[in-house]
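Both backbone and side-chain heavy atoms feed into the values below; hydrogens, waters and symmetry mates do not.
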Amino acid sequence: MKTINFISTFANKYFALITILVAILAFNLPNQFLWLNSYINILLGIVMFGMGMNMKPVDLKLVLTKPIPVLIGVLIQFSIMPLIAYGIATLLQLPPMLAAGIILVGCVPGGTASNVMVYLAKGNVALSIAMTSFSTLLSPMLTPLLLYLLAGQWMPVNPFAMFLSIIQVIIIPIALGIIIQKFLPNIVEKSSQALPFISVIAISGVVAAVVSGNTENIAASGILIFLTVIIHNLSGLLLGYVIAMALRLDADMRRAISIEVGIQNAGLGVSLANTHFAQQPLTALPGAVAVVTHVINGSILASIWSRRPIRKKTTDVDKQRSSSYIS
């Protein structure tokens, strides 16, 4: 058990480095990773299943007892990020497939990697996990609708088909994880130490799959695609913090909302692009680049904030959620 705990801690701590190394390997040795393309949805489902196993009643308690920060964060995420993506696509006059791809990244919910980053940043972990959970549960309705409204001019979007895909890839695995946690708590407790490591492996697999399948597209798009994704990501991190500060939320909540808003579930964007825009492969490219850059930028920000501790009275909910998540 100590070995598993050590490996999981190592994987969390060096998540950004692992992701970068995997992306470099997949770009230089694409033939070794192409087989993973058939398993993107399964890999993402594994991450969501782990998320369901890790959901606690305290998450719902936070939404019910302190709903304002959670609602503010989710509202910012599903408004600011899609609109920033639309603005970037318009201002940079992106090709239709890249425009739809970056808007898709902006319309997906928060990513599970953000929870680890918020913990490392000494932010409010309970708020982070509540936001990830809540935005993920809202995503079957909001992601297809927002994509239809904002990207319809560049690409035909079938919101109902996308709704069904998100149910299959996101909601069903989460529900299964919750059921397992409810009826087999001993198994969940024993496996909880390994869940972070499994999530890192699954996300790395998604990165390898998409990068290996788009080496020529990445090389051809060059600086443009990286510039697009980085501007979008950094804008989310900055505006999430500024808006939370303007609303006079506590410092630890500002950090949590900043990271939650800026770090999207880009793997879901890749999955949806591959499923619904298979004839337009460049649509998945912004998501592939975002998987890597979000982890890098989020980890750097978390590292900076980790050196700036916050003096704040910790609530019972914070204690319960932090201990259960990091154990």
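The main-chain N or O of Met253 is never found under 3.5 Å from a side-chain atom of Asp250 such that the two would form a donor-acceptor pair. With His232 contributing its side chain and Ile88 its backbone, the two residues share no donor-acceptor pair below 3.5 Å. The backbone N or O of His294 lies less than 3.5 Å from no partner atom in the side chain of Asn297, so there is not a single donor-acceptor pair. Asn28 places a side-chain N or O within 3.5 Å of a backbone atom of Ile24 that can act as its donor or acceptor partner. A donor-acceptor pair is defined here as one N or O able to donate and one able to accept, closer than 3.5 Å; such a pair exists between the side chain of Asn37 and the backbone of Ala209. With hydrogens and angles ignored, the 3.5 Å screen pairs a side-chain donor or acceptor of Ser299 with a backbone N or O of Val295. Gln264 contributes no side-chain N or O that, together with a main-chain N or O of Gly110, makes up a donor-acceptor pair within less than 3.5 Å.
Closest of all the heavy-atom pairs between Gly269 and Leu104 is O-CD2, 3.2 Å. Taking every heavy atom of both residues into account, Ile171 and Pro140 meet most closely at CG1-CG, 3.6 Å. Considering every non-hydrogen atom in both Thr215 and Ala26, the closest pair reads CG2-O, 4.0 Å. Nearest approach of Ala288 to Val270, heavy atoms of both residues: N-CG2, 3.5 Å. Closest heavy-atom contact between Ala99 and Ala89: CB-CB, 3.8 Å. Across all their heavy atoms, Gly267 and Val206 have their closest contact at CA-CG1, 4.2 Å.
Contact check for His276 versus Ser165: side-chain heavy atoms found under the 4.5 Å cut-off. Annotation: side chain of Leu268 is in contact with side chain of Ile170 (closest heavy-atom distance under 4.5 Å). You'll find the side chain of Leu272 stays beyond 4.5 Å of the side chain of Phe277, heavy atoms only. Annotation: side chain of Leu147 is not in contact with side chain of Pro159 (no heavy-atom distance under 4.5 Å). Residues Ser139 and Val108 form no side-chain contact, since every pair of their non-hydrogen atoms from C-beta on lies 4.5 Å or further apart. Looking at heavy atoms from C-beta onward, Tyr148 lies out of side-chain contact with Asn158 at the 4.5 angstrom threshold. Within the 4.5 Å cutoff, the side chain of Pro109 has heavy atoms near those of the Thr143 side chain. The side-chain heavy atoms of Leu127 and Met131, taken from C-beta on, include a pair separated by under 4.5 Å.
Hydrophobic clustering (ILVMFWY, side-chain heavy atoms < 4.5 Å, transitive): Ile167 and Ile178 are in one cluster. A continuous path of Ile, Leu, Val, Met, Phe, Trp and Tyr side chains, each step under 4.5 Å between heavy atoms, connects Ile296 with Ile259, placing both in one hydrophobic cluster. Note on Met245: it clusters hydrophobically with Ile72, by side-chain heavy-atom contacts below 4.5 Å among ILVMFWY residues. A chain of hydrophobic side-chain contacts below 4.5 Å, direct or via other Ile, Leu, Val, Met, Phe, Trp or Tyr residues, connects Leu137 to Leu71. A continuous path of hydrophobic side-chain contacts links Ile300 to Phe226 [ILVMFWY only; heavy atoms under 4.5 Å].
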Test log, rule side chain to side chain contact (heavy atoms under 4.5 Å, CB included), inputs Ile263 and Asn233: CA-CA 7 Å; Ile263 307 302; Asn233 178 222; 4.0 Å; yes
Stepwise side chain to side chain contact (heavy atoms under 4.5 Å, CB included) test for Thr132 and Ser114: CA-CA 8 Å; Thr132 300; Ser114 60; 3.6 Å; yes
Phe78 vs Ser135, side chain to side chain contact (heavy atoms under 4.5 Å, CB included): CA-CA, chis, key distance, verdict: CA-CA 8 Å; Phe78 279 121; Ser135 66; 3.8 Å; yes
Trace of the side chain to side chain contact (heavy atoms under 4.5 Å, CB included) decision for Asp252 with Lys122: CA-CA 7 Å; Asp252 65 330; Lys122 302 186 186 302; over 6 Å; no
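The one candidate from Val261, Ile76, Leu234, Ile84 that meets the side chain to side chain contact (heavy atoms under 4.5 Å, CB included) condition with Leu239 is Ile84.
Taking the six-membered ring for Trp and thresholds of 30 and 60 degrees, Phe160 and Phe163 have nearly parallel ring planes, at less than 30 degrees apart.
Here CG of Leu224 is found 6.5 Å from CG of Leu98. Values are rounded to the nearest 0.5 Å. In this structure, the separation between CD1 on Ile225 and CG on Leu94 is 7.0 Å, given to the nearest 0.5 Å. In this structure, the separation between CE on Met117 and CZ on Arg255 is 15.5 Å, given to the nearest 0.5 Å. With rounding to the nearest 0.5 angstrom, the OG atom of Ser204 is 11.0 Å from the CD1 atom of Ile20. Atom-to-atom distance recorded for Ile257:CD1 and Leu249:CG is 5.0 Å, nearest 0.5 angstrom. To the nearest 0.5 Å, the span separating CG on Leu75 from CD1 on Ile80 amounts to 8.5 Å.
Side-chain polar atoms of Ser271 and Asn41 form a donor-acceptor pair below 3.5 angstrom. For the 3.5 Å distance criterion, the side chains of Arg254 and Ser258 fail to qualify, holding no donor opposite an acceptor.
Taking the side chain to side chain contact (heavy atoms under 4.5 Å, CB included) definition, one finds that Leu176 meets it with Phe49, Ile172, sequence neighbours left out. Residues forming a ring pair (Phe, Tyr, Trp, His ring centres under 6.0 Å) with Tyr241 (at least two apart in sequence, or on another chain): Trp305. A search for side chain to side chain contact (heavy atoms under 4.5 Å, CB included) contacts involving Tyr86 returns Thr90, Ile103, Leu150, Gln153, Trp154, not counting sequence neighbours.
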